[in-house]
Amino acid sequence: MTENSNEKLDEMASSYDSRATEDAIYKLWEDSGFFNPDNLTGEPFSMMLPPPNVTGTLHIGHAYEETLQDIVIRFQRMQGKKVLWLPGTDHAPIATESKVVKLLEKEGKRKTDFTREDFLARVNKFAQESHDTIVNQVKKLGASLDWSREAYTFDEKRNFAVRTAFKTMYDLGLIYRGDRVINWDPKGQTTISDDEIVHEERKAKMYTFKYSADFPISISSTRPETKVGDVAVAVHPADDRYKQFVGKEYDAIFCEVPIHIKIIADESVEKDFGTGALGVTPAHSMIDYEIAQRHNLPLKTVINEFAKMTVEGLLKDKKTTDAREIVVEWLRSQNLLEKEEEVVQNVSTSERTGAVIEPLPKLQWFIDVNKDFAFPHSELAGIKQGDAISLKKLMRQVVESGAIKFSQENYQKVYFNWINNLRDWCISRQIWFGHRIPVWYKDSEIYCGIEAPTGEGWTQDSDTLDTWYSSGLWTTSTLGWPEQTKDFKTYHPTSLVMPGYEILFPWVARMILMTTSLTGQIPFKEVLLHGIVRDNKGRKFSKSLGNGVDPLEIIEQYGADALRIALIFSTAPGNDVIFDEQKVKGMKHFANKIWNIARFVLANTDTALMNTTSSRKPEGLTEADKEVLAKLDEVVIATTAHIEASRFHEAAQALYQFAWYEFADKYIEASKEQLLDANQKENTQKILLYNLDVTLRLLHPFMPFVTEELWKNLKKEKLLLISEWPK
RNA sequence: GGGCGAUUAGCUCAGUUGGUUAGAGCGUCUCGUUUACACCGAGAAGGCCAAAGGUUCGAAUCCUUUAUCGCCCACCA
């Protein structure tokens, strides 16, 4: 070894120290300005970060998501494209508000102790703190996001986009206000959409009984207390047992409440279930509401927003659960109860509060997904401006036509299946935190506008919008829409969206719905969904299990590069990922291996050769030289193909194999002899440098920190961040 | 009930359009350290690719059936 080399060995630590490296490297990148596409040239490539909720801190699942996206982004940037990856956070009204309510409860305070303004100040403070934590975590991971364009779903610009979107859809007739049975969360005191419901299996008792002794038909119910709201009994039209009664009407006194029951025939009733007769409670059951609509039956509300009975008599002001006991007792005392059986039933609960959903008729705002509207502006093949199309058809069309491509075909099937079952979307929420509905009332007048109406006496709707209404605008609002900004023109439609499969419906589908109807453009050209991260027992990470892993602790211990490559190494995107600290440990060793490969190469080559490394395949190569160069060509082709096909795990595996076994174990070992041979020395040095150069480039999207740190030693003009991808 | 998927080494998972002896990480075992890295090297053990049938010159891969497991959607009252 030369004297120079010994210096190099002394200069570089014998192992890679991620703690001493990562923050400085991130700062180097940020200061370079190359996260901002304004400083780049080439064909635009754009992607939006799915905005994390400002409900606290990020978990390992976010780290996975950001790693996948950062790999694509860095790869595209190295391909010489003008790459925009735009960061932001989501105000997530229900989630954030309920989080703050819980925090206040710990202080012994309630939401109602505050004015709307004071409460919102508390929420905003919490949201700001969460935001800061999240941004720090994202940076620690190495995500190469353009922070100069950072957005928030609840900032001024996004609020303007939301108001404009609402007004536009209202004018198109897509948004309407209607009195319908909706999902009411009695704990959160708000409506929620179908997507915010979680079904839970619970044991329940099903009671079979008659309304009164002289009523001809028995019915079954797990919620006998709602029967005071019944207006009909529905039977199947072909059910011979009940045919004779159809059309007849009866009066009865049920648990001290007078009821009037009409016998109707409806196809939706199952003959073989229970008694084959369904007590219809239009105000407190979605299905019954739909039956009632078909038969022009009245709505009879018997339960209020606090899940308490509103009828007179025995049940007055009782909670539904208590009322149930009372009704059952009453049925027994009247000798009307025929059967009582244990059943397992699916109960609808609120995703955020866990409360049992109470279907209630309420005046709310909806998006009509079935109504044909005149498509206002089109940049799509197959649909012209002015064509009549419904949102459902539109959502199907843009995927069927191939304008939006699902990288995983099975998720496309899931998407179509969801659209087929889609119902109108309830977008109003009775919570304080969120975008106010841009509608004002004065006596019987209604005004919808982007700004408040002029004149005295107008009151704005007190409701706020569903979180997905604003995040559904994410690709457009972040680029300045509704203004036709330069960013919007340059980067929209975005190239790709990469969220987890769990938000395919609430987010991906909603972005397609909102963006396409409003702008006539698709929001993104390609959808690539990823799985969720589970613990090493295959369980979801959750607070109640206490199995959460803090990405920052993992990064502190093993380094961000190790975490990144460990997460993507062994699983194809779309499948769930098992997080195992052992994997991260293994990849820390890999980062160290790369470090020592570089250390060996740098110690055994002359700086004078640094800039001649691109001179390939010199004369007089040894077998080992030829072998490693061939393998290097292979890994360049394979890595590129794998990334282009979104097989990130295979790209990572190919690189791991090459670097460790071909480059280090075989070639570096062979080079030790060759370096001693004067005839082979220069070739060997060139090949070592060339291999190192290419390996660092290929590895950069996966392990950006260690590769950029080592790149410094190659004394190149450009940062590795914006260096050319090898060919 | 409707839809989507999974089953490959002790564990966690790869395996692109079907193509020679099915791979990796971790773990296990043996040997090795004046040598860039012990966060290391050399080597080894370990799999009738869930089961049965079919298509094919050829199947982990395509088709059918079965079993087991998982996820999503859905208020059979």
Side-chain angles (χ1 to χ4, degrees), chain A residues 1 5 8-9 12-16 183 194-195 197 199 206-208 219-223 226-227 233-234 268-270 272-281 284-289 291 343 345-348 356-357 359 408-418 420-422 501-502 504-505 531-532 534 536-538 540 558-559 562 565-566 569-572 574-604 638 641-642 645-647 649-650 652-654 656-657 660-661 664-665 668-669 671-672:
Chain A
M1 263 186 237
S5 75
K8 201 74 207 174
L9 283 181
M12 288 177 74
S14 66
S15 59
Y16 171 57
N183 307 306
D194 296 346
D195 290 329
I197 285 179
H199 294 278
M206 188 160 79
Y207 304 94
T208 302
I219 55 162
S220 299
S221 178
T222 53
R223 296 197 61 190
T226 64
K227 300 290 107 183
V233 165
S268 70
V269 179
E270 293 273 341
D272 300 329
F273 187 85
T275 62
L278 165 65
V280 182
T281 323
H284 301 290
S285 155
M286 290 289 182
I287 295 269
D288 294 9
Y289 175 72
I291 294 174
V343 291
Q345 66 165 16
N346 272 325
V347 179
S348 302
V356 175
I357 295 303
Q408 301 115 322
E409 231 178 282
N410 53 327
Y411 286 118
Q412 183 170 314
K413 291 183 199 163
V414 173
Y415 172 80
F416 285 133
N417 185 252
W418 180 78
N420 292 339
N421 297 316
L422 188 61
Y501 61 66
E502 77 281 5
L504 170 60
F505 306 142
I532 58 174
R534 298 172 177 278
N536 59 11
K537 294 189 181 76
K540 274 189 180 182
Y558 303 101
I565 198 161
F569 194 74
S570 60
T571 312
N575 295 341
D576 290 349
V577 183
I578 301 292
F579 177 80
D580 189 340
E581 215 171 305
Q582 284 305 310
K583 289 188 191 173
V584 187
K585 191 179 164 195
M587 290 305 154
K588 185 191 177 197
H589 295 176
F590 182 51
N592 190 55
K593 190 75 190 179
I594 299 300
W595 180 264
N596 274 290
I597 287 171
R599 194 162 162 248
F600 176 87
V601 173
L602 293 163
N604 289 286
H642 287 318
S646 306
R647 295 186 301 258
H649 61 293
E650 291 197 63
Q653 287 176 19
Y656 186 98
Q657 295 298 314
W660 206 306
Y661 303 118
D665 290 347
I668 287 186
E669 289 312 314
S671 77
K672 288 174 184 172

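A note on names: the letters A, B, ... follow the listed sequences, proteins ahead of strands, and every chain is numbered from 1. Please read these numbers as outputs of a predicted model, since none were measured by experiment.
Summarising the geometry, the separation between CD1 on A:Ile287 and P on B:A74 is reported as 12 Å, rounded to the nearest angstrom. In this structure, A:Arg599 atom CZ and B:C39 atom C1' are separated by 13 Å, rounded to whole Å. Per the geometry, CD1 belonging to A:Ile565 stands 16 Å off P belonging to B:A24, to the nearest Å.
The shortest distance between the side-chain N/O atoms of A:His642 and the OP1/OP2 oxygens of B:A14 is not below 4.0 Å. One finds no side-chain N or O of A:Lys413 lying less than 4.0 angstrom from the OP1 or OP2 phosphate oxygen of B:C72.
Nucleic acid contact class of A:Thr571 (heavy atoms, under 4.0 Å, all strands): sugar-phosphate only.
Candidate nucleotides B:A36, B:G5, B:C39 were compared by shortest atom distance to the side chain of A:Asn410, and B:G5 ranks first.
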task: Can you check each nucleotide of nucleotides 41-46 of chain B against protein heavy atoms at under 4.0 Å and return B for base, S for sugar-phosphate only, - for none, in 5' to 3' order?
output: SS----
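Counting only Watson-Crick or G-U wobble pairs whose defining distances are both under 3.5 Å, the stems of 3 or more consecutive pairs in RNA chain B are B:1-7 with B:67-73, B:10-13 with B:23-26, B:28-32 with B:40-44, B:50-54 with B:62-66.
For the side-chain hydrogen bond (donor to acceptor under 3.5 Å, both in side chains) test, no residue two or more places apart in sequence or in another chain qualifies with A:Tyr656. Residues forming a ring pair (Phe, Tyr, Trp, His ring centres under 6.0 Å) with A:Tyr415 (at least two apart in sequence, or on another chain): A:Phe406.
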Donor-acceptor contacts under 3.5 Å from residues 583-592 of chain A side chains, at least two apart:
residue, atom, partner, partner atom, Å
A:Lys583, NZ, A:Ser570, OG, 3.1
A:Lys583, NZ, A:Ile578, O, 2.9
A:Asn592, OD1, A:Tyr16, N, 2.9

Quick test: give all pairs of protein nitrogen or oxygen and nucleotides 69-71 of chain B nitrogen or oxygen below 3.5 Å, distance rounded to 0.1 Å.
none

